[in-house]
Colleague: 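Have a look at this one before I ask anything.
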Amino acid sequence: PCPCGYYNHPRKTCSCSPQQVERYLSRISGPLMDRIDIHIEVAPVEYDELRENSSGTSETSEVVRERVRRARATQRERYSGIRGMYVNAQMEARDLRKFCRLNLNSGQLLKKALESLQLSARAYDRILKVSRTIADLEGSVDIQTSHISEAIQYRSLDRSNWGK
């Protein structure tokens, strides 16, 4: 996130000035960032936290693999009549209107996020695609407000106050 690597680090102090951090973050243009579906900040994890999590309380790789397999099968079936489209990421604007219909609450949440976070039209499309994928992973036919909310969270670098 910055030249020294410690900006927003929970235990180490960043030696960069605010101007250096801003300049470093701006090295990737907005249009390029718009083309990245998911971008999140990942903080370092302490050994003790890793050790606590090894107790088997998280999903196993096998469980996750099966969820992904089912979601991919759902997508293959959904797009079976469309040449060259197999997964949600390949949807174009006209496909979004067909396959990513939102209920009133979900639509209002997305509208509010677009306005308050000043997101682009491309970010809007990405959020819909990621929301559709989240719904598929949960086995949900419809995109719910929780799916939209989660997808918005994956756009952390779109926020002007990232890392603050």
Side-chain angles (χ1 to χ4, degrees), residues 1-3 5 7-10 18 20-45 58-59 61 63-164:
C2 69
Y7 181 71
N8 210 32
H9 193 284
Q20 286 176 303
V21 172
E22 189 171 329
R23 188 171 45 247
Y24 190 80
L25 290 174
S26 69
R27 291 176 71 184
I28 299 177
S29 70
L32 180 59
M33 286 303 299
D34 273 351
R35 287 171 171 83
I36 300 171
D37 290 354
I38 297 174
H39 34 89
I40 58 172
E41 182 178 4
V42 180
V45 181
S58 60
E59 283 183 300
S61 295
V63 170
V64 173
R65 183 183 317 114
E66 182 56 28
R67 263 193 315 126
V68 170
R69 191 198 61 70
R70 282 194 309 269
R72 294 292 296 250
T74 297
Q75 292 172 31
R76 270 193 309 278
E77 185 177 320
R78 179 184 301 130
Y79 306 126
S80 63
I82 303 172
R83 185 178 174 162
M85 189 160 60
Y86 309 98
V87 294
N88 296 333
Q90 296 171 317
M91 283 190 281
E92 295 180 9
R94 69 179 181 278
D95 304 314
L96 293 173
R97 288 189 293 276
K98 181 176 180 181
F99 298 113
C100 298
R101 292 195 178 120
L102 302 179
N103 63 33
L104 182 62
N105 290 338
S106 297
Q108 288 176 338
L109 174 62
L110 185 50
K111 179 182 178 184
K112 189 174 186 174
L114 287 170
E115 291 169 354
S116 65
L117 300 173
Q118 299 176 346
L119 300 176
S120 68
R122 191 174 283 125
Y124 169 83
D125 290 352
R126 301 289 184 194
I127 288 169
L128 285 177
K129 291 176 187 182
V130 171
S131 298
R132 176 72 269 163
T133 300
I134 294 166
D136 291 345
L137 287 167
E138 287 188 7
S140 177
V141 174
D142 298 318
I143 296 174
Q144 305 296 324
T145 304
S146 62
H147 304 141
I148 292 289
S149 178
E150 184 175 343
I152 291 167
Q153 294 300 311
Y154 295 142
R155 300 297 301 189
S156 65
L157 296 181
D158 283 332
R159 299 184 187 109
S160 59
N161 65 342
W162 180 81
K164 294 179 182 160

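Note that these values count all heavy atoms, side chains included, but never hydrogens, waters or copies made by symmetry.
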Colleague: Atom CZ of R155 and atom CD1 of I36: how far apart are they, to the nearest 0.5 Å?
Modeller: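 Answer rounded to 0.5 Å: 8.0 Å.
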Colleague: Whether the side chain of S80 engages the backbone of E77 through a donor-acceptor N/O pair (distance < 3.5 Å, no angle test) should be reported.
Modeller: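 It does hold such a pair.
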Colleague: Nearest heavy-atom pair of I152 and A113: which atoms, and what distance?
Modeller: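 The answer is CD1-CB, 3.5 Å.
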Colleague: With sequence neighbours left out, what residues match E66 under salt bridge (charged side-chain N to carboxylate O under 4.0 Å, His left out)?
Modeller: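 Salt bridge (charged side-chain N to carboxylate O under 4.0 Å, His left out) list for E66, sorted by chain: R69, R70.
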Colleague: Report the distance from atom SG of C2 to atom CZ of R23, rounding to the nearest 0.5 Å.
Modeller: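 Output value for this atom pair is 12.0 Å.
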Colleague: Between L96 and R132, is any pair of side-chain heavy atoms under 4.5 Å apart?
Modeller: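 L96 vs R132: side chains apart.
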Colleague: Mind checking salt bridge (charged side-chain N to carboxylate O under 4.0 Å, His left out) for R72 and listing every partner two or more places apart, or none if nothing turns up?
Modeller: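 Salt bridge (charged side-chain N to carboxylate O under 4.0 Å, His left out) list for R72, sorted by chain: empty.
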Colleague: Which distance, rounded to the nearest 0.5 Å, do you find between the CD1 of I28 and the NE2 of H39?
Modeller: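 So the CD1 of I28 and the NE2 of H39 are separated by 9.5 Å.
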Colleague: Flag the pair I127 / L119 as yes when at least one side-chain heavy-atom distance between them is below 4.5 Å, and no otherwise.
Modeller: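 Yes, at least one pair of side-chain atoms sits under 4.5 Å.
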Colleague: Restricting to pairs with a member in residues 82-94, which pass salt bridge (Lys or Arg N to Asp or Glu O under 4.0 Å), not counting sequence neighbours?
Modeller: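 Residue pairs with at least one partner in residues 82-94: E92-R94.
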Colleague: Side chains of T133 and V87: closer than 4.5 Å at any heavy-atom pair?
Modeller: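 No, side chains not in contact.
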Colleague: Would you call R67-E59 a salt bridge at under 4.0 Å N-O?
Modeller: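 Looking at R67 and E59, the cut-off is met.
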Colleague: May I have the step-by-step check of side chain to side chain donor-acceptor pair (under 3.5 Å) for Y79 and Q75, ending in yes or no?
Modeller: CA-CA 6 Å; Y79 306 126; Q75 292 172 31; 5.9 Å; no
Colleague: With a 4.5 Å heavy-atom cut-off, do E22 and P18 have their side chains touching?
Modeller: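 No, too far: nothing below the 4.5 Å cut-off.
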Colleague: For residues 118-130, which residue pairs qualify under salt bridge (Lys or Arg N to Asp or Glu O under 4.0 Å), counting only residues two or more places apart or in two chains?
Modeller: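 For residues 118-130: D37-R126.
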Colleague: Could you check whether any side-chain N or O of Q90 sits under 3.5 Å from a backbone N or O of Y86, counting only pairs where one atom can act as donor and the other as acceptor?
Modeller: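 Between the backbone of Y86 and the side chain of Q90 there is a qualifying donor-acceptor contact (under 3.5 Å).
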Colleague: Which pairs pass ring pair (Phe, Tyr, Trp, His ring centres under 6.0 Å) with one or both residues in residues 102-150, sequence neighbours excluded?
Modeller: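 Not a single pair qualifies under ring pair (Phe, Tyr, Trp, His ring centres under 6.0 Å).
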Colleague: With rounding to the nearest 0.5 angstrom, report the OG to CG distance, S131 to D142.
Modeller: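 It is 12.5 Å, given to the nearest 0.5 Å.
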Colleague: Please tabulate, one pair per line, all N/O donor-acceptor pairs under 3.5 Å involving side-chain atoms of residues 97-104, not counting sequence neighbours.
Modeller:
{"unit_1": "N103", "atom_1": "OD1", "unit_2": "N105", "atom_2": "N", "d": "3.2"}
{"unit_1": "N103", "atom_1": "OD1", "unit_2": "S106", "atom_2": "N", "d": "2.7"}
{"unit_1": "N103", "atom_1": "OD1", "unit_2": "S106", "atom_2": "OG", "d": "3.0"}

Colleague: Taking the side chain as every heavy atom from C-beta outward, state whether L128 and N88 have any atom pair closer than 4.5 Å.
Modeller: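 A side-chain contact under 4.5 Å is absent here.
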